[in-house]
Amino acid sequence: MSQVSEERDDRVDVPEPVPAEKPEPAQKVSRAGRNLPAAIGVGLLLGAAIITSLLTVRFLFIGIIAIAIAVGTIELAGALKRAADIRIALVPVLVGGQAMIWLAWPFGREGALTAFVLTVLVCLLWRLPGGAEGYLRDISASVFAAAYIPLFGAFAAMLVPPEDGVGRVLAFMIGVVASDTGGYIAGVLGGKHPMAPSISPKKTWEGFAGSLVAGVVAGALTLSLLLDGHAWQGVLFGAAIVLTATLGDLVESLIKRDLGVKDMGNMLPGHGGLMDRLDSLLPSAVVSWLLLSAFVPV
């Protein structure tokens, strides 16, 4: 073999370098970790839908609750399945959840609780064909989902039927929004001391103080101006809403950390999934109904 052939055989082909792709510009996020323009836009759209329903035919708000509860249930079920292979009895929880919401309209607590108990019974039966493996795990998750989302949501639906139902719903919604907004602004501007670093590192005591101030002011104004309540009742109402909204946020953060997910979904730009917006509303709906029933009896 010639020397030229040997040189060709020994030669190693070196691929030409591929030009590096330019990284795509990162989405602009705020110091609190949100895409602020998208979050504000989505929040305004949701608020407009709620206000429109309340100022036209207020019972349309129950339909908005029913849709939100169904979407939130699907998001939670999907997160549990993807992250931990936990299979909730989705059909019974969805159907039973709608029954809780709509029966709360004419029958109040009795309707919602009856639908909840029947939902639990159907879940127990629904999961039987799947066998013993994971039965307790799946049933526990199903009962939790039915209580956490539709049963809590039914208390928001119970705010609507009274003659002053628009004022009751607005007091509830404004209280939660004020808590969230006040906490967000105070946390971004001066948040230095984490409230629960192992659960939600960005939630600070300064943010909680901002939530408390905004929530108390909103409660005092809404109960005295929109309902036949007193300012001191509004102060208590606002403080309670701040506590439940903060608790709801921390609880969902803990659930997401347990599952190893950042958001429950990606339906709402700048917010995550719908469940990431319902987390503070759901427990606050229960406390709102209880306190408004005591402070401003029907």
Side-chain angles (χ1 to χ4, degrees), residues 43-44 46-69 72 97-113 115-116 148-182 211-212 214-248 277-298:
L44 290 175
L46 293 174
I50 291 170
I51 292 174
T52 300
S53 68
L54 291 173
L55 296 182
T56 53
V57 180
R58 72 177 188 272
F59 290 101
L60 290 175
F61 181 66
I62 298 179
I64 293 177
I65 295 172
I67 294 171
I69 291 303
Q98 293 302 301
M100 292 178 220
I101 299 299
W102 292 107
L103 290 178
W105 174 1
F107 301 114
R109 286 174 298 177
E110 291 78 8
L113 291 174
F116 172 70
Y148 179 49
I149 305 178
L151 184 59
F152 282 12
F155 284 86
M158 286 190 284
L159 294 172
V160 180
E163 292 184 4
D164 59 353
V166 172
R168 292 172 185 267
V169 173
L170 287 176
F172 155 57
M173 297 295 297
I174 290 172
V176 175
V177 171
S179 173
D180 186 41
T181 305
S211 293
L212 196 58
V216 164
V217 171
L221 292 175
T222 53
L223 260 75
S224 59
L225 298 178
L226 298 178
L227 299 166
D228 294 327
H230 301 287
W232 68 267
Q233 294 173 326
V235 169
L236 295 178
F237 177 79
I241 292 300
V242 170
L243 291 175
T244 53
T246 303
L247 175 64
R277 293 299 88 205
L278 293 176
D279 56 359
S280 56
L281 289 166
L282 290 169
S284 298
V286 179
V287 171
S288 293
W289 183 84
L290 290 171
L291 289 181
L292 291 179
S293 296
F295 292 158
V296 191
V298 178

*To the nearest 0.5 Å, how far apart are CG in D180 and CD1 in I241?*
13.0 Å
*Nearest non-hydrogen partners of S211 and S179, listed with the distance*: OG-O, 2.7 Å
_side chain to side chain contact (heavy atoms under 4.5 Å, CB included) against L225, all qualifying residues, sequence neighbours excluded_ = L221
*With sequence neighbours left out, which residue pairs that include part of residues 215-224 fulfil the side chain to side chain donor-acceptor pair (under 3.5 Å) condition?*
none
*What are the two closest non-hydrogen atoms of A154 and A112, and how far apart are they?*
CB-CB, 3.8 Å
_Just so I know, are the side chains of L281 and M173 near enough to count as touching, which here means a heavy-atom distance under 4.5 Å?_
yes
*For I64, check side chain to side chain contact (heavy atoms under 4.5 Å, CB included) against everything at least two apart and list the hits.*
S53
*Hey, what do you get for CZ (F59) to CG (L54), rounding to the nearest 0.5 Å?*
11.0 Å
_side chain to side chain contact (heavy atoms under 4.5 Å, CB included) partners for W232, two or more places apart_ = H230, L236
*Closest approach of R109 to M158 (non-hydrogen atoms, all atoms of both residues)*: N-SD, 3.4 Å
*So V160 and W105, side-chain contact (heavy atoms from CB on, under 4.5 Å) or not? Walk me through it.*
CA-CA 8 Å; V160 180; W105 174 1; over 6 Å; no
*asked:* F107: which residues meet the ring pair (Phe, Tyr, Trp, His ring centres under 6.0 Å) condition with it, sequence neighbours left out?
replied: none
_Test of understanding: with side chain to side chain contact (heavy atoms under 4.5 Å, CB included), list the residues that count as partners of L113, not counting sequence neighbours._
L151
*Return the set of residues passing ring pair (Phe, Tyr, Trp, His ring centres under 6.0 Å) with F152 (not counting sequence neighbours), or none when no residue passes.*
none
*Shortest non-hydrogen contact from G153 to L282?*
N-CD2, 3.9 Å
_Looking at L223, is its backbone amide N or carbonyl O close enough to the side chain of Q233 to form a donor-acceptor pair, meaning the two atoms are under 3.5 Å apart?_
no
*Taking all atoms of both residues into account, what is the closest heavy-atom pair of G248 and P283, and its distance?*
CA-CG, 3.8 Å
_Closest approach of V176 to S280 (non-hydrogen atoms, all atoms of both residues)_ = CG1-OG, 3.7 Å
*What is the distance from atom CD1 of I101 to atom CZ of F155, rounded to the nearest 0.5 Å?*
10.5 Å
*Is there any ring-ring contact (aromatic ring centres under 6.0 Å, His included) pair reaching into residues 157-182, and which pairs are they, with sequence neighbours excluded?*
none
Show me, pair by pair, the donor-acceptor contacts under 3.5 angstrom made by side chains of residues 285-292, not counting sequence neighbours?
| unit_1 | atom_1 | unit_2 | atom_2 | d |
| --- | --- | --- | --- | --- |
| S288 | OG | S284 | O | 2.7 |

_Please report the interatomic distance OG1(T56) to CZ(F61), rounded to the nearest 0.5 Å._
12.0 Å
*So how far is it from R277 CZ to D279 CG, rounded to the nearest 0.5 Å?*
6.0 Å
_Residue list, salt bridge (charged side-chain N to carboxylate O under 4.0 Å, His left out) with D164, at least two apart or on another chain_ = R168
_What's the separation between atom CG in L103 and atom CD in E110, rounded to the nearest 0.5 Å?_
11.5 Å
